[in-house]
Asks: 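Following this message is one structure expressed as structure tokens.
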Amino acid sequence: MSFRSFSYNLRKRLHPAGASLPQTDLRPYRPQLEKILSMDFRRLSSDELRQRADSLAPAARREITGDHPQAELFGLVAEASRRALGLDPHDCQILAGLAMAKGRVAELPTGEGKTLAAVFPAGWWALTGRGVHVLTFNDYLARRDAAWMGPVYRLLGLRVGCVQEGQAAAEKRAAYACEVTYATAKEVGFDFLRDQLAYDSQELVQRPFHAALVDEADSILIDEARIPLVIAGLSGRSDFDSDRVASLVKGLAAGRDYETDAENRSVFLIEAGAERLEAGLGCGVLFEARNQRLLESVYCSLQAHVLLRRDIDYIVRNGRIEIIDEFTGRVMDKRHWPDGLQAAVEAKEGLARRPEGRVFGSITLQHYFRLYPRLAGMTATARPAAEELHTFYGLGTTAIPPHRPCLRQDEPDAVFLRKEDKQKALVEEIRRSQAAGRPVLVGTLSVQESEELERDLRAAGLDCQVLNAKNDEQEARIIAQAGKSGRVTISTNMAGRGTDIKLGGPEEQERERAVAAGGLYVLGTNRHESLRVDRQLRGRAGRQGDPGSSRFYISPEDELFKRNGLTELFLKRHRPEKESPQGAQGSEPIRREVDHWQRIIEGQNFDVRRTLYAYSSLVEIQRKIVQEERRRILLGGERAEGRTPHRPDLAACGPSKLSGAGRARLERAVRLRALDQGWADHLAWVNDTKETIHLVKLGGLIPDREFQKSATENFLGMMKNAEESARAEMEVLEASDDPARESQKIKGPSSTWTYLVKEDQFGWGLELAMGKNIGLAVSAALSLMAHGPIYVFVLALRRLLGRRKAP
Ligand code: ADP
Ligand code: MG
């Protein structure tokens, strides 16, 4: 393979905008739907049902879609659903199934039965025997859905597996070997990364990717898409005096030794501080190139001490750092800061540090989903995401109306200039609804906000349920009760996702009362960063034609506006005395402005994702090259075992000859290790460079091009080196007399762990996207310091200002 053969344009990788309007005309699906509905399999025995499905496999393998075999399979799924679950699929579920089988994202409102709808396309694709992944929002839902839909698949002779975090490799392998596998995208992604480090094909747990159906597609494909999944291993790299650095940094004083920006999002060393550290470390000039790693560690330590607050940004539990999500107030599962920063916080807290890790592989969810030749999804809120789904994944969107018209009333926002007034009005509204026997679900932005509201409600003598369980299953149980008459449930937006809220409770015991009171009332205490997320919350009410309504209570003092620096602006424009504090009346201009800003914030986030995507795309191409190369070595080497060595010149020159199989095995391991190490080095290099390359902006160069150029050079050098060093190592081994060399275990990292990178702690992405002028570029650069090698910035700035310290 020629590594030089790829030429590459970052922007062109994205699908062009424009062709992304959601499809609402369902006429093209009608003939197929009619065909499916006309099929009657009631008289078939279970055996016959299975045989019938089996007979369709060749057609499924030939990908004959939109045709008779597919209609027949859909008919069989419907019959299996009636038998196994007692559910007669609605037309809308079949239509959603047809759209998904065409590789689209189906929008079907909450409560319409998407779990069952997914079985149609999953079953069709599964007939090929090549494995379908149904990707759910969390582990609990993977378990629930696999168990719930399992009987339907099994009636058709399809096996169903479920992958969970922490399962043993053998269990996972068995689950992936099934025709249909339920799992979270995160876990499948981690397994993918783990497989990339295998030294033997027996160790692999996954089969090659074939098809994925993504539930809650907009959340997973868009909101979570930026998060890189990482696999790290022990590196044995010496962890030089970071404790010493930590103790010195602890002695620095704000203003004298370092400064922070107004928002406390970045910190930088000033002359006195640098001198103090230089004296303490005895390292000479800190900003010299040879001190780069030391300086990096100094900045990580500064961030850890100055910017990150214990019990707000993170907690210490069981001798470990656990990061808190700034929005939800929850501990983030498996989340890490980039390595240097993580180590610095551990040093700050005096925790026993595990040996420094080294990133061996990484992939963003955005790229991970593109590994599937077939991709489709379902969600209640696809339409507002249509453009992004198309841009990033080339996915079309089809909107399917519910089987009963939605009666939910979405009331206009109640606006209050002061947060306090909003809070009072909320409590009043909840009191009124509860007294009338109406179930209320309040969606908050954070756990902290939930707790504040709970306090206020209790002070007013009102009863409520607060969702703050750490576990998805418990949350699901509580949220399932939220439809009970007069019940008030407070929860953050994400909690209890995927759980059906039936009016009158899970068994619909008090349905009449809840219906008479007006159905579920969804109250949002904040607008979100996107209209789509607002709609997800509203969609909790009015399921399957139930009555219900939704309303947001907002104020310019809300988090969303504060975070984006809009509070002052609102208050200035709409002076309190001009407005009635009660909200509702006279608040139309504010409401319009809120919509306007929400669209702007949405657009910015889209841009950020686009920018980050462009950067990670090049590395993704390189990752694929490495992956292919790795696969070739792994499988090619295995095939060669037992045969005579294919390079007799090398094999013949050793003093005692290696056996053919032994040699092949040894060579395979040596080459794999060289490639993995090289790739890890390259990833580390990319990480440093990605963050500093933006500084090139200061010099007027285009960062995209610069990044592309140097990343390509570095990669090509790495590939060449890996090959050469493997050859050299083999030569040494061949020449050696050590009889143990054949059995010598050359292995990958002895232990690995996986995590999601907590990337946007300091909100740098947004500033990057906006970095259109130099002022912003500088501020972006400043916040970039939070992530890595600030020295480059310092050096660049010093050079720019002609004040570089003499070496
Ligand atoms: P969604 O994921 O679209 O919000 P779920 O798959 O959780 O919806 O299903 C919601 C409820 O609808 C479940 O209680 C399920 O049993 C019920 N349901 C699904 N399909 C049907 C059907 N065809 N007929 C009756 N009830 C159904
Ligand atoms: Mg669902």
Side-chain angles (χ1 to χ4, degrees), residues 33 36-37 74-75 77-97 99-100 105-123 134-153 182-185 213-221 376-382 398-404 406 408 441 472-473 475-477 479-483 493-509 511 520 522 535-546 548:
L33 176 67
I36 295 163
L37 294 176
F74 274 49
V77 169
E79 178 59 24
S81 161
R82 280 175 218 121
R83 288 189 199 181
L85 308 175
L87 294 178
D88 192 7
H90 301 300
D91 291 4
C92 65
Q93 288 170 304
I94 298 175
L95 285 166
M100 286 189 271
V105 174
E107 176 180 282
L108 194 58
T110 309
E112 288 295 307
K114 287 186 284 294
T115 319
L116 176 57
V119 180
F120 293 95
V134 183
L135 302 173
T136 59
F137 194 73
N138 57 38
D139 261 5
Y140 157 72
L141 291 170
R143 259 187 339 264
R144 183 197 74 174
D145 294 354
W148 187 11
M149 296 297 135
V152 183
Y153 290 110
Y182 282 78
T184 61
L213 270 172
V214 187
D215 195 5
E216 312 282 0
D218 58 327
S219 291
I220 298 182
L221 292 175
M378 52 191 189
T379 170
T381 43
T398 303
I400 301 181
H403 78 285
R404 277 190 221 135
C406 177
R408 188 185 69 236
L441 176 69
D472 294 321
E473 196 156 354
E475 289 196 334
R477 255 199 303 277
I479 208 102
Q481 308 278 339
N493 182 45
M494 290 299 168
R497 260 300 171 79
T499 305
D500 203 20
I501 304 181
K502 289 185 178 154
L503 283 185
E507 312 300 326
E508 307 187 73
Q509 312 89 320
R511 187 175 159 85
L520 185 65
V522 167
R535 288 203 190 150
Q536 285 168 1
L537 182 61
R538 290 192 200 274
R540 291 293 201 155
R543 72 181 268 289
Q544 301 197 359
D546 283 346

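Remember, it's 1-based here, ligands and their atoms both numbered in the order they're listed.
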Asks: Could you tell me how the ring of Phe74 sits relative to the ring of Phe120: parallel (under 30°), tilted (30 to 60°) or perpendicular (over 60°)?
Replies: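 Tilted.
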Asks: Could you check whether Arg543 pairs with Asp500 (Lys NZ or Arg NE/NH1/NH2 to Asp/Glu carboxylate O, under 4.0 Å)?
Replies: yes
Asks: Give the residue, atom name and distance (to 0.1 Å) of the protein heavy atom nearest atom 24 (N) of ligand 1.
Replies: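 Checked against all protein heavy atoms, atom 24 (N) of ligand 1 sits closest to His90 NE2, 3.3 Å.
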Asks: Regarding atom 13 (C) of ligand 1: of the candidates Asp500, Leu116, Leu108, which has the closest heavy atom?
Replies: Asp500
Asks: For the residue pair Ser219 / Arg497, report whether a side-chain donor-acceptor contact shorter than 3.5 Å exists.
Replies: yes
Asks: What protein heavy atom lies closest to atom 4 (O) of ligand 1? Include the residue and the distance to one decimal.
Replies: Gly111 N, 2.6 Å
Asks: Look at atom 9 (O) of ligand 1 and say which protein heavy atom is nearest, naming residue and atom and giving the distance to 0.1 Å.
Replies: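 Protein heavy atom at minimum distance: Gly113 CA, 3.5 Å.
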Asks: Where the closest heavy atom to atom 2 (O) of ligand 1 is concerned, which of Lys114, Met378, Arg144, Glu216 has it?
Replies: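 Of the listed residues, Lys114 has the closest heavy atom.
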Asks: What is the minimum heavy-atom distance between Pro121 and Met100, and which atoms define it?
Replies: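 In this case the closest contact between Pro121 and Met100 is CG-CB, 3.7 Å.
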Asks: For Arg543, counting its heavy atoms only, list the atoms of ligand 1 lying under 4.0 Å from any of them.
Replies: 11 (C)
Asks: Report the nearest protein non-hydrogen atom to atom 12 (O) of ligand 1: residue, atom name, distance rounded to 0.1 Å.
Replies: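 Atom 12 (O) of ligand 1 sits closest to the protein heavy atom Gln544 NE2, 3.3 Å.
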Asks: If you have a sec, work out which protein heavy atom is nearest atom 16 (O) of ligand 1 and how many Å separate them, to one decimal?
Replies: Trp148 CZ2, 3.5 Å
Asks: What part of Asp88, side chain from CB on, backbone N/CA/C/O, both or neither, has a heavy atom under 4.0 Å from ligand 1?
Replies: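 Asp88 to ligand 1: backbone contact only, side chain stays beyond 4.0 Å.
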Asks: What atoms of ligand 1 come closer than 4.0 angstrom to any heavy atom of Thr115?
Replies: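 Taking each heavy atom of Thr115 in turn, ligand 1 has 2 (O), 5 (P), 6 (O), 7 (O) under 4.0 Å.
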Asks: Write out the residue and atom name of the closest protein heavy atom to atom 25 (C) of ligand 1, then the distance separating them to 0.1 Å.
Replies: Leu87 CD2, 3.7 Å
Asks: List every atom of ligand 1 that sits less than 4.0 Å from any heavy atom of Thr110, numbering the atoms from 1 in the order shown and giving each element.
Replies: 4 (O)
Asks: How about Asp145 and Thr136: does a side-chain donor come under 3.5 Å of a side-chain acceptor?
Replies: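 Per modelled atom types, Asp145 and Thr136 side chains form no pair under 3.5 Å.
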Asks: Side chains of Leu141 and Asp472: closer than 4.5 Å at any heavy-atom pair?
Replies: no
Asks: Please list, in number order, the atoms of ligand 1 under 4.0 Å from a heavy atom of Lys502.
Replies: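 Contacts of ligand 1 toward Lys502, numbered from 1: 14 (O).
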Asks: Looking at atom 20 (N) of ligand 1, what's its closest protein heavy atom, distance included?
Replies: Gln93 NE2, 2.9 Å
Asks: Looking at side-chain heavy atoms only, is the closest gap between Val134 and Asp215 below 4.5 Å?
Replies: no
Asks: For the side chain of Thr184 and the backbone of Asp139, is there at least one donor-acceptor N/O pair under 3.5 Å apart?
Replies: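 No, the answer is negative, given that no donor and acceptor are paired below the 3.5 Å cut-off.
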Asks: Salt-bridged, Arg511 to Asp546, with N to O below 4.0 Å?
Replies: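 Yes, Arg511 and Asp546 are salt-bridged.
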